[in-house]
Participant: 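Got a structure here, written out as structure tokens. Questions coming.
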Number of protein chains: 2
Amino acid sequence: MSTQFGDYLRARRETLQTADPRFSIRQLASRLQVQPSYLSKVERNEQAPPSEATILALAAELGEDPDVLLALGGKVSAELRAVIMRRPKLFAALIRELETLPDHAVLRIVREVRDGNW
Amino acid sequence: MSTQFGDYLRARRETLQTADPRFSIRQLASRLQVQPSYLSKVERNEQAPPSEATILALAAELGEDPDVLLALGGKVSAELRAVIMRRPKLFAALIRELETLPDHAVLRIVREVRDGNW
DNA sequence: TCATGTGTGGACTGTATACTACACGATATA
DNA sequence: TATATCGTGTAGTATACAGTCCACACATGA
């Protein structure tokens with residue numbers, strides 16, 4: 001298992017906690033509407049990463065990028081999946097093509113599309 | 001529910017069956033290593049679409065595009081998800097940017113990347 | 001010392017997923 | 001008229017997912 005999620009979450013939460021007691025497991029769990037013991041287990045990788053909805057809430061609370069946190073949890077957002085599934089052939093070809101392309105090249109595409117050069 | 005999957009599958013299989021008895025529910029199910037009653041239910045949308053593995057086997061048997069069939073089943077392949085999860089921020093930005101871009105423009109990107117213009 | 005807050009342990013739960021097993025009646029074939 | 005093949009109906013199942021619930025021990029501050 002990607003034992004990453006819990007470690008990452010714990011590190012991030014503990015950092016925030018030093019400056020703000022609202023980031024104790026208990027208080028954070030309460031805002032996420034889950035049980036503290038559950039969150040504790042997730043942080044210690046005793047429990048698989050939460051659902052997409054909970055991870056998104058978590059990202060919002062921790063000020064993290066939702067897509068990154070979802071990826072750490074082994075997920076891709078339903079939103080992105082929906083975009084792909086609308087034109088599966090097209091996006092499958094694209095993603096496979098870009099798999100090995102370096103970051104800066106992909107970013108250039110993103111920017112050019114955004115600037116309307118297409 | 002996307003009542004599409006079953007209809008599509010049934011139509012495709014029946015077409016093939018007219019020319020080749022190997023495409024009866026029973027014989028096809030046998031090659032897929034599932035029960036015929038299960039496949040029958042899937043075709044009549046009485047049962048949710050199968051797992052990714054079974055859909056991929058189905059696509060191979062029917063000569064269909066795996067990504068398209070997966071999409072009809074409401075899924076995105078683990079392979080593509082893995083590519084996204086390796087660079088979630090990058091691919092999330094890209095996919096959202098391309099969401100509304102017309103097919104031909106996306107295809108142009110695919111071709112240009114393939115031709116090494118990046 | 002007592003209330004409050006902290007993290008954690010153990011057991012259990014509801015729902016979904018992805019099927020199987022077996023049987024039935026209809027149809028076609030020999 | 002056996003035999004085989006067809007599609008389908010009913011019931012049941014194993015596993016994973018995404019948590020809950022309650023209890024415990026420790027620490028801190030009033």
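Side-chain atoms are counted along with the backbone in the values below, which use heavy atoms only and exclude waters and symmetry mates.
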Participant: Does any donor-acceptor pair link the side chain of T54(B) with the base of dA18(C) at a separation under 3.5 Å?
Facilitator: no
Participant: Distance check needed: dT8(D) P versus R13(B) CZ, whole Å only.
Facilitator: 8 Å
Participant: Measure CG/L39(B) against P/dC6(D) and give the value in whole Å, please.
Facilitator: 13 Å
Participant: Using only side-chain N and O atoms of Q27(B), determine if any of them is under 4.0 Å from OP1 or OP2 of dC6(D).
Facilitator: yes
Participant: Phosphate oxygens OP1/OP2 of dT6(C): is one of them under 4.0 Å from a side-chain N or O of R22(A)?
Facilitator: no
Participant: If you measure from the Lys or Arg side-chain nitrogens to the Asp or Glu carboxylate oxygens, is any gap between R10(B) and E43(B) under 4.0 Å?
Facilitator: yes
Participant: dC19(C) phosphate, OP1 or OP2: any side-chain N/O from S51(B) under 4.0 angstrom?
Facilitator: yes
Participant: Stepwise, does the side chain to side chain contact (heavy atoms under 4.5 Å, CB included) test hold for I84(B) with I84(A)?
Facilitator: CA-CA 11 Å; I84(B) 294 170; I84(A) 295 170; 3.7 Å; yes
Participant: Checking all strands, does S24(B) fall into the base, sugar-phosphate, or nothing category for heavy-atom contacts under 4.0 angstrom?
Facilitator: sugar-phosphate
Participant: Under 4.0 Å between a side-chain N/O of R26(B) and OP1 or OP2 of dT27(C), yes or no?
Facilitator: no
Participant: Looking at the base of dG7(D), is there any donor atom on it, or on the side chain of K41(B), that sits under 3.5 Å from an acceptor on the other one?
Facilitator: no
Participant: Is Q33(A) touching bases, backbone alone, or none of the nucleic acid, heavy atoms closer than 4.0 Å?
Facilitator: sugar-phosphate
Participant: Figure out the OH/C1' separation between Y38(A) and dA23(D), and round it to whole Å.
Facilitator: 21 Å
Participant: To the nearest Å, give me how far apart CD (Q47(A)) and C1' (dT8(C)) are.
Facilitator: 13 Å
Participant: Below the 4.0 Å mark, does dG7(D) have OP1 or OP2 next to a side-chain nitrogen or oxygen of Q17(B)?
Facilitator: yes
Participant: Under 4.0 Å from OP1 or OP2 of dA21(C): is there any side-chain N or O of Q35(B) that close?
Facilitator: yes
Participant: Starting at atom CD of E43(B), determine the distance to atom P of dA18(C), rounded to an integer number of angstrom.
Facilitator: 18 Å
Participant: Tell me, with the steps shown, if E61(A) and R13(A) meet salt bridge (Lys or Arg N to Asp or Glu O under 4.0 Å).
Facilitator: CA-CA 10 Å; E61(A) 286 291 339; R13(A) 186 189 57 77; over 6 Å; no
Participant: Let me confirm one number: the CZ-CD distance from R114(A) to E97(B), rounded to the nearest 0.5 Å.
Facilitator: 4.5 Å
Participant: Is a side-chain donor-acceptor pair under 3.5 Å present for S40(A) with R44(A)?
Facilitator: yes
Participant: Using atom CZ of F23(A) as one end and atom C1' of dT6(C) as the other, report the distance to the nearest whole Å.
Facilitator: 17 Å
Participant: For E14(A) and dT6(C), what is the distance between atoms CD and P respectively, to the nearest whole Å?
Facilitator: 14 Å
Participant: Given dT8(D), is OP1 or OP2 found less than 4.0 Å from the side-chain N or O atoms of R10(B)?
Facilitator: yes
Participant: Both conditions, 6.0 Å and 45 degrees, for the charged tip of R86(A) above the ring of F91(A): are they met here?
Facilitator: no
Participant: Roughly how many Å is it from CG in L32(A) to C1' in dA18(D), rounded to a whole number?
Facilitator: 14 Å
Participant: Kindly point out which of dT10(D), dT8(D), dC19(C) is positioned nearest to the side chain of E46(B)?
Facilitator: dT10(D)
Participant: R44(B) side chain N/O closer than 4.0 Å to the phosphate oxygens (OP1, OP2) of dT8(D)?
Facilitator: yes
